[in-house]
Amino acid sequence: MDYEAVIGLEVHAQLSTNSKLFCSCSTKFGAFSNSQVCPVCLGLPGVLPVLNKKALSYALAAALAINCEIPKISRFSRKNYFYPDLPKAYQISQYDEPLAKNGYLEIFLSKDTVKRIGINRVHMEEDAGKLIHCENEDSSLVDYNRCGVPLIEIVSEPEINSSEEAYEYLMSLKSILEYLEVCDCNMEEGSLRCDANVSIRLRGENKLGTKAEIKNMNTFKGVQKALEYEIRRQINLVEEGEEVAQETRLWDADRQITLSMRSKEGSSDYRYFPEPDLSPVIVTEQLKEQVLNNMPELPLARFRRLMEECGIPEYDTNIIVKDRKLADYYEECVKLYSKPKVISNWIISELLGLLSKNKEEIDQIKITPLQLAEMFKLIDKGIISGKIAKELFVLMYESGKDPLVLVEEKNLRQVTDQDSIDTVVEKVLKEHCQVVEDIRNGKEKALGFLVGQVMRETKGKANPKIVNDSLLKKIKG
Ligand code: ADP
Ligand code: ZN
Ligand code: MG
């Protein structure tokens with residue numbers, strides 16, 4: 001039988017405001033436990049929450065960037081449940097009147113295939129605290145610093161049909177939030193979290209199957225792996241004549257399996273009701289305009305523009321555009337040096353390689369776009385060879401010095417002087433009479449070996465074309 005997976009993702013993104021959603025406590029990560037709390041976020045009696053305007057405009061930017069409709073009025077609701085990390089015993093969230101709805105996100109699948117994934121809603125809510133379970137002790141500690149930190153929840157329609165699409169969706173969403181600078185998207189610190197809902201059905205069927213909700217993935221690759229496992233598990237169940245249970249499952253990254261955690265609570269279990277302490281959120285046309293006017297060019301638009309303007313391959317463009325700062329760097333270079341493909345090649349193979357080797361980000365790089373452009377010009381002018389440039393590039397990366405300064409310091413200039421090349425060539429020919437003989441007898445390929453020897457003697461600095469010509473002349477006369 002041919003089955004199709006149906007996936008809907010719920011992403012929580014922490015908004016990168018300095019203060020919390022309803023009070024002025026700091027949101028800074030990593031502070032001493034319970035040092036960033038006040039009566040409002042601790043839920044003490046007699047206090048009133050006040051909405052953080054910046055959080056609202058960040059949430060709006062995200063919602064508008066994924067093409068949502070923004071109703072004029074949205075409201076906060078209380079979601080009631082008891083848990084030790086939730087001191088009020090309710091979470092202020094939005095329920096039946098969310099900030100934004102009916103949007104879509106375009107994901108890039110392969111050449112010219114862009115798929116639209118519907119966005120059901122985007123709403124604002126506050127985060128809960130954190131429990132710290134003590135090992136070897138039957139007790140837990142609770143840190144309320146995270147209580148009241150602003151989040152948005154972005155809920156997709158069940159329109160994602162494979163684990164790869166889910167991965168692409170998450171990458172695209174992350175990239176948009178980073179471009180907007182509304183979320184730092186640091187998954188290790190929990191600023192971006194994802195729950196995945198998944199069901200299967202026979203291909204061609206319209207009705208949705210029973211879904212399982214998977215939690216506890218802390219990387220996007222983890223989400224992809226968890227979905228792959230879960231889709232397989234559900235297909236096996238159905239093929240054995242059993243039924244998929246509606247439940248919440250946990251991803252066990254060590255064992256690479258999902259495990260049943262609990263049967264899923266329905267929304268009625270939360271006894272949602274309107275939050276009486278906050279007035280409705282009114283989004284005026286003026287506020288919407290203001291957010292739209294401040295919006296940067298978004299990743300997909302930039303992708304299309306760079307493909308068109310720079311004529312670089314789709315694969316390169318995709319890598320460069322995903323990271324806003326890398327794309328900014330690239331575009332700076334293109335302004336200074338007019339061969340976009342050369343630049344993208346270097347960025348993708350050399351620069352990204354060094355960054356990942358050194359575990360650094362593009363904004364830590366010491367090479368300025370101007371220095372990189374100068375390095376390319378040194379190659380074009382024949383002052384250094386392409387091969388030496390790779391060495392030079394590493395030196396520039398480590399020191400931040402100008403390329404020409406390093407070329408002089410390290411004596412990297414390409415040798416183009418005929419006499420000195422001829423001298424080395426003669427030496428090499430003397431040392432490898434047999435190879436010379438072979439070449440004379442038609443084994444042309446062996447010439448490469450001799451070129452290699454000359455390059456070795458000159459520490460890679462001889463101009464390869466001159467070396468080649470000199471060898472041929474001396475061998476064949
Ligand atoms: P719940 O009431 O369980 O929270 P929702 O209808 O609010 O369910 O949907 C939560 C998420 O689950 C959404 O992203 C939605 O797209 C997805 N979803 C809903 N039904 C299914 C299904 N049958 N299979 C896969 N995903 C689903
Ligand atoms: Zn507070
Ligand atoms: Mg729901």
Side-chain angles (χ1 to χ4, degrees), residues 3-12 17-28 31 34-44 47-52 55 66 79 81 87-88 92-96 98 101-105 117-123 125-129 143-150 153-163 165-166 169-170 173 193-202 205-215 223 226-227 230-231 234-235 238 243-249 261-270 272:
Y3 294 93
E4 171 185 60
V6 176
I7 298 163
L9 297 176
E10 297 170 287
V11 172
H12 283 94
T17 54
N18 294 324
S19 56
K20 294 188 180 179
L21 188 52
F22 302 118
C23 62
S24 57
C25 290
S26 166
T27 55
K28 203 165 162 49
N34 298 308
S35 64
Q36 294 171 344
V37 291
C38 74
V40 175
C41 53
L42 284 177
L44 301 186
V47 292
L48 285 177
V50 178
L51 178 63
N52 178 337
I66 48 178
K79 182 179 183 180
Y81 63 101
K88 298 198 293 285
I92 305 179
S93 180
Q94 294 191 301
Y95 182 53
D96 47 0
K101 47 194 187 184
N102 301 331
Y104 61 86
L105 173 64
I117 309 289
I119 303 291
N120 177 279
R121 56 191 273 141
V122 176
H123 71 247
E125 62 186 27
E126 56 176 348
D127 208 346
D143 177 2
Y144 290 127
N145 281 352
R146 204 176 64 185
C147 270
V149 162
E153 179 171 343
I154 301 160
V155 182
S156 86
E157 295 293 352
E159 293 173 357
I160 299 166
N161 296 112
S162 69
S163 58
E165 281 183 24
Y169 172 91
L170 290 169
L173 187 58
R193 288 167 253 163
C194 170
D195 298 334
N197 298 272
V198 54
S199 61
I200 54 156
R201 64 181 170 197
L202 284 177
E205 172 73 68
N206 283 323
K207 228 175 101 230
L208 290 171
T210 305
K211 72 177 159 79
E213 182 181 12
I214 321 173
K215 290 183 179 285
V223 174
L227 282 168
E230 183 60 21
I231 292 164
Q234 293 187 7
I235 291 175
V238 171
E243 280 182 11
V244 175
Q246 167 130 351
E247 62 181 354
T248 301
R249 299 180 68 85
M261 178 167 84
R262 54 176 144 88
S263 65
K264 163 91 183 161
E265 56 284 85
S267 61
S268 59
D269 295 331
Y270 290 123
Y272 275 102

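These numbers come from a predicted model, not from an experiment. Both counts, for ligands and for their atoms, begin at 1 and track the order of listing.
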For the Zn ion (ligand 2), does an N/O/S atom of Cys38 lie at less than 2.8 Å?
yes
For ligand 1, find out whether one of its N or O atoms is nearer than 3.5 Å to an N or O atom of Ser199.
yes
Is Thr210 close to ligand 1, meaning an N/O of one under 3.5 Å from an N/O of the other?
no
Gly8 heavy atoms within 4.0 Å reach ligand 1 at atoms 14 (O), 16 (O), 17 (C), 26 (N)
Which atoms of ligand 1 sit under 4.0 Å from any heavy atom of Glu157?
16 (O)
Pairwise side-chain contact, Gln36 with Lys28, heavy-atom cut-off 4.5 Å (strictly under):
yes
Ligand 1 to Pro158 polar contact by distance, N or O atoms, under 3.5 Å
yes
Name the residue from Arg249, Glu213, Gln234, Lys211 that meets the side-chain contact (heavy atoms from CB on, under 4.5 Å) definition with Val198.
Gln234
Is there any N or O on Val155 that sits under 3.5 Å from an N or O of ligand 1?
no
Taking the minimum heavy-atom distance to atom 14 (O) of ligand 1, which of Ser156, Gly118, Ala5 ranks first?
Ser156
Would you mind running through ligand 1 and noting each atom that sits below 4.0 Å from a heavy atom of Leu9?
14 (O)
Polar-atom distance check: Glu10 versus ligand 1, any N or O pair below 3.5 Å?
no
For the residue pair Ser19 and Asn52, establish whether any side-chain heavy-atom pair is separated by less than 4.5 Å.
yes
Please work out which of the three classes, parallel, tilted or perpendicular, describes the rings of Tyr95 and Tyr272, given edges at 30° and 60°.
parallel
Taking C-beta and beyond as the side chain, do Leu202 and Tyr3 meet within less than 4.5 Å on heavy atoms?
yes
So Leu42 and Asn34, do their side chains get closer than 4.5 Å, heavy atoms only?
no
How about CG on Asn102, more than 12 heavy atoms from neighbouring residues, nucleotides or ligands closer than 6.0 Å, or not?
yes
Closest heavy-atom approach to atom 12 (O) of ligand 1 among Asn197, Leu208, Ile160, Ile154 is made by Asn197
Would you indicate whether the side-chain heavy atoms of Arg201 and Leu208 approach each other to under 4.5 Å?
yes
